[in-house]
Number of protein chains: 2
Amino acid sequence: MNVAKPKTRIQERNRRTILEAALEVFSSQGFRGATLDEIAATAGLSKPNLLYYFASKEAIHVTLLTGLMDTWLDPLRALNGDGDPRQEILAYVRRKLEMSRDYPRESRLFANEILRGAPHIDAVLQGELKALVDEKARMIEAWSQRGLISPVHARHLIFSIWALTQHYADFDTQVRAVLGPDEPDPFPEAERYLEMLFSRLLGPGD
Amino acid sequence: MNVAKPKTRIQERNRRTILEAALEVFSSQGFRGATLDEIAATAGLSKPNLLYYFASKEAIHVTLLTGLMDTWLDPLRALNGDGDPRQEILAYVRRKLEMSRDYPRESRLFANEILRGAPHIDAVLQGELKALVDEKARMIEAWSQRGLISPVHARHLIFSIWALTQHYADFDTQVRAVLGPDEPDPFPEAERYLEMLFSRLLGPGD
DNA sequence: GCAAAGTTTGACCATTTGGTCAGTCAAACG
DNA sequence: CGTTTGACTGACCAAATGGTCAAACTTTGC
């Protein structure tokens with residue numbers, strides 16, 4: 001049968017291998033587009049062996065998604081109410097953009113799931129995510145009211161950070177097609193542009 | 001066999017019906033997730049009947065995508081070099097946001113395709129789309145150099161408009177989950193927020 | 001009113017795919 | 001060692017799915 005949590009070295013290693021392969025395949029093909037055969041081939045394991053470690057294709061997907069959610073929200077969690085508002089928000093933007101650059105597969109996996117209406121993580125969105133955003137939004141509103149940043153709608157500010165940074169991972173193909181082959185790495189320019197955008201949005205800094 | 005262009009009333013009507021149903025299914029399930037059976041059921045036709053009008057599942061998808069590309073780029077085409085720069089850009093943002101609100105399925109269909117690496121429309125992105133963006137970017141740079149708007153990286157400005165507006169269609173599930181049931185329609189607030197964001201980005205207006 | 005052209009479908013097919021299972025092989029442990 | 005536990009696989013299955021086709025039914029134009 002399958003195993004809920006890794007116990008032996010072999011289980012530890014193979015579960016990792018499978019999840020890595022599944023991330024590769026799910027993020028580029030979507031849930032239904034991905035096949036167990038392809039994941040197995042990518043992982044270098046046999047299909048029945050996959051199903052020895054995970055109960056089903058869906059179980060792999062859910063494990064991947066829930067595991068991802070945690071690290072994905074870390075940058076937002078790090079937003080510190082006691083820090084300098086502008087620097088905190090700009091640092092958040094920078095960290096999110098780095099994640100788009102360094103973990104584009106994770107971003108696409110997530111985008112795929114939301115596009116489908118988030119069938120596997122709707123509860124997380126309405127629970128954990130909403131609670132976290134509520135908390136941070138209050139923090140931003142407090143900054144705004146104390147005049148430390150220009151007045152903004154805090155939740156839409158957060159949406160705009162998500163949209164702008166994830167765009168460079170999720171729509172990478174389009175970005176590169178438009179920029180053309182002369183500009184092979186969009187990220188340095190994206191960082192400058194986003195820093196400028198949010199600087200102007202948040203008002204004069206010093 | 002199949003038919004390249006509608007000739008009779010029946011063909012006209014049925015091709016429309018099929019494309020409408022296919023848009024519904026493809027945009028919510030992705031290409032591989034969609035099945036001909038489901039498209040047929042949604043269209044109220046039999047599966048062989050679908051394949052009388054379109055050569056294959058892929059043909060339906062490609063027809064939908066290429067047909068979409070045109071209307072999708074209309075707002076950008078409308079960006080007028082002779083108009084008032086701020087008003088032109090803000091109107092473009094508004095128009096794109098309206099499209100996210102009124103045609104979310106089209107936006108998701110497009111997002112799905114780009115996420116997969118744009119296998120069906122890569123040529124369009126590198127050709128038509130790039131050329132259009134190049135042209136409009138030059139226009140924006142000219143505005144910028146004449147001091148009519150603050151200095152911005154024109155291509156990333158366009159990316160940011162796409163990202164921010166499409167986010168409200170593609171990530172609708174997440175947006176609504178975070179805002180909660182009290183705020184059932186995110187769009188009015190989104191419009192105010194985006195207008196403020198781009199106003200501040202583009203510099204003092206009057 | 002009827003032949004030709006266009007439209008629709010039930011039955012069918014080959015392939016793909018998620019998943020099972022009996023049994024083999026490898027490792028750990030006393 | 002030998003046995004128990006864990007890791008692995010070839011062969012297989014049922015369901016789903018994209019697509020075909022001959023035949024039946026409708027519409028159109030004369």
Side-chain angles (χ1 to χ4, degrees), chain A residues 1-65 112-113 116 119-120, chain B residues 1-65 112-113 116 119-120:
Chain A
M1 281 287 148
N2 72 309
V3 185
K5 292 211 169 156
K7 291 176 180 177
T8 73
R9 318 295 148 64
I10 296 179
Q11 283 190 25
E12 175 86 10
R13 178 170 52 81
N14 280 352
R15 281 180 64 100
R16 252 191 238 291
T17 308
I18 292 168
L19 289 174
E20 158 66 26
L23 173 60
E24 183 69 28
V25 178
F26 279 135
S27 68
S28 65
Q29 315 284 339
F31 178 72
R32 281 222 44 201
T35 70
L36 285 180
D37 284 301
E38 195 179 344
I39 296 172
T42 305
L45 298 172
S46 70
K47 185 166 64 169
N49 205 9
L50 285 203
L51 293 163
Y52 173 72
Y53 289 102
F54 291 91
S56 67
K57 180 185 178 183
E58 201 178 0
I60 303 178
H61 195 239
V62 170
T63 303
L64 217 44
L65 270 177
N112 257 310
E113 174 69 8
R116 307 269 122 75
H120 291 138
Chain B
M1 280 289 145
N2 71 308
V3 185
K5 292 212 168 154
K7 291 173 180 179
T8 72
R9 308 317 138 61
I10 296 180
Q11 283 189 26
E12 175 86 12
R13 177 171 50 84
N14 280 351
R15 281 180 64 98
R16 252 191 238 291
T17 307
I18 292 168
L19 289 174
E20 157 66 25
L23 173 61
E24 182 70 28
V25 178
F26 279 135
S27 68
S28 65
Q29 314 284 337
F31 178 71
R32 282 227 37 208
T35 70
L36 285 179
D37 284 303
E38 194 179 345
I39 297 172
T42 306
L45 299 172
S46 70
K47 185 166 64 170
N49 206 175
L50 285 203
L51 293 163
Y52 173 74
Y53 290 100
F54 291 90
S56 65
K57 179 185 177 183
E58 200 178 3
I60 303 178
H61 194 239
V62 170
T63 304
L64 216 45
L65 270 177
N112 257 310
E113 174 69 7
R116 306 266 121 74
H120 292 137

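Computation of the quantities below employed the complete heavy-atom set of this structure, encompassing side-chain atoms and omitting hydrogens, waters and symmetry-equivalent molecules. Residue numbers start from 1 in every chain, and the chains themselves are labelled A, B, ... in the order their sequence lines are given, proteins ahead of strands.
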Protein-nucleic acid N or O pairs under 3.5 Å, nucleotides 28-30 of chain C:
none

If I take atom [atom1] in residue [X] and atom [atom2] in nucleotide [N], what distance separates them, rounded to the nearest angstrom?
| X | N | atom1 | atom2 | answer |
| --- | --- | --- | --- | --- |
| A:E12 | D:dA7 | CD | P | 12 Å |
| A:Y53 | D:dT9 | OH | C1' | 13 Å |
| A:I18 | D:dA7 | CD1 | C1' | 12 Å |
| A:L45 | D:dT9 | CG | C1' | 12 Å |
| A:N49 | C:dT20 | CG | C1' | 14 Å |
| A:L50 | D:dA7 | CG | P | 15 Å |
| B:Q29 | D:dT17 | CD | C1' | 14 Å |

Are [X] and [Y] side-chain neighbours, meaning at least one heavy-atom pair lies under 4.5 Å?
| X | Y | result |
| --- | --- | --- |
| B:I60 | B:L36 | yes |
| B:I10 | B:Y53 | yes |
| B:I39 | B:E24 | no |

Judged by atom type as modelled, is there a donor-acceptor pair below 3.5 Å linking the side chain of B:E113 to the main-chain atoms of B:H120?
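Answer holds: yes.
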
Is the phosphate of [N] approached by [X] (side-chain N or O, under 4.0 Å from OP1 or OP2)?
| X | N | result |
| --- | --- | --- |
| A:N14 | D:dC8 | yes |
| B:Y52 | D:dC21 | no |
| B:Q11 | C:dT7 | yes |

Is A:K57 close enough and on-axis enough to A:F31, meaning under 6.0 Å and within 45°, for cation-pi?
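Relative to the ring axis of A:F31, which defines the angle, A:K57 lies inside both limits.
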
Verdict with reasoning, B:F26 to B:L65, per side-chain contact (heavy atoms from CB on, under 4.5 Å)
CA-CA 10 Å; B:F26 279 135; B:L65 270 177; over 6 Å; no

Below 3.5 Å between N/O atoms, which protein atoms pair up with nucleotides 15-18 of chain C? Just atom names and distances, please.
unit_1	atom_1	unit_2	atom_2	d
C:dT17	OP1	B:R32	NH2	2.6
C:dG18	OP1	A:A34	O	3.3
C:dG18	OP1	A:K57	NZ	3.0
C:dG18	OP2	A:L36	N	2.8
C:dG18	N7	A:K47	NZ	2.9

Would you say the side-chain atoms of B:N112 and B:R32 include a donor-acceptor pair closer than 3.5 Å?
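No pair is found: no donor N or O on one side chain lies under 3.5 Å from an acceptor on the other.
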
Under the side-chain contact (heavy atoms from CB on, under 4.5 Å) rule, what do B:T35 and B:E38 come out as? Steps first, then yes or no, please.
CA-CA 5 Å; B:T35 70; B:E38 194 179 345; 3.3 Å; yes

Looking at every heavy atom in both A:S46 and A:A40, which two are closest together, and how far apart are they?
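For A:S46 and A:A40, the tightest heavy-atom pair comes out as C-CB, 4.0 Å.
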
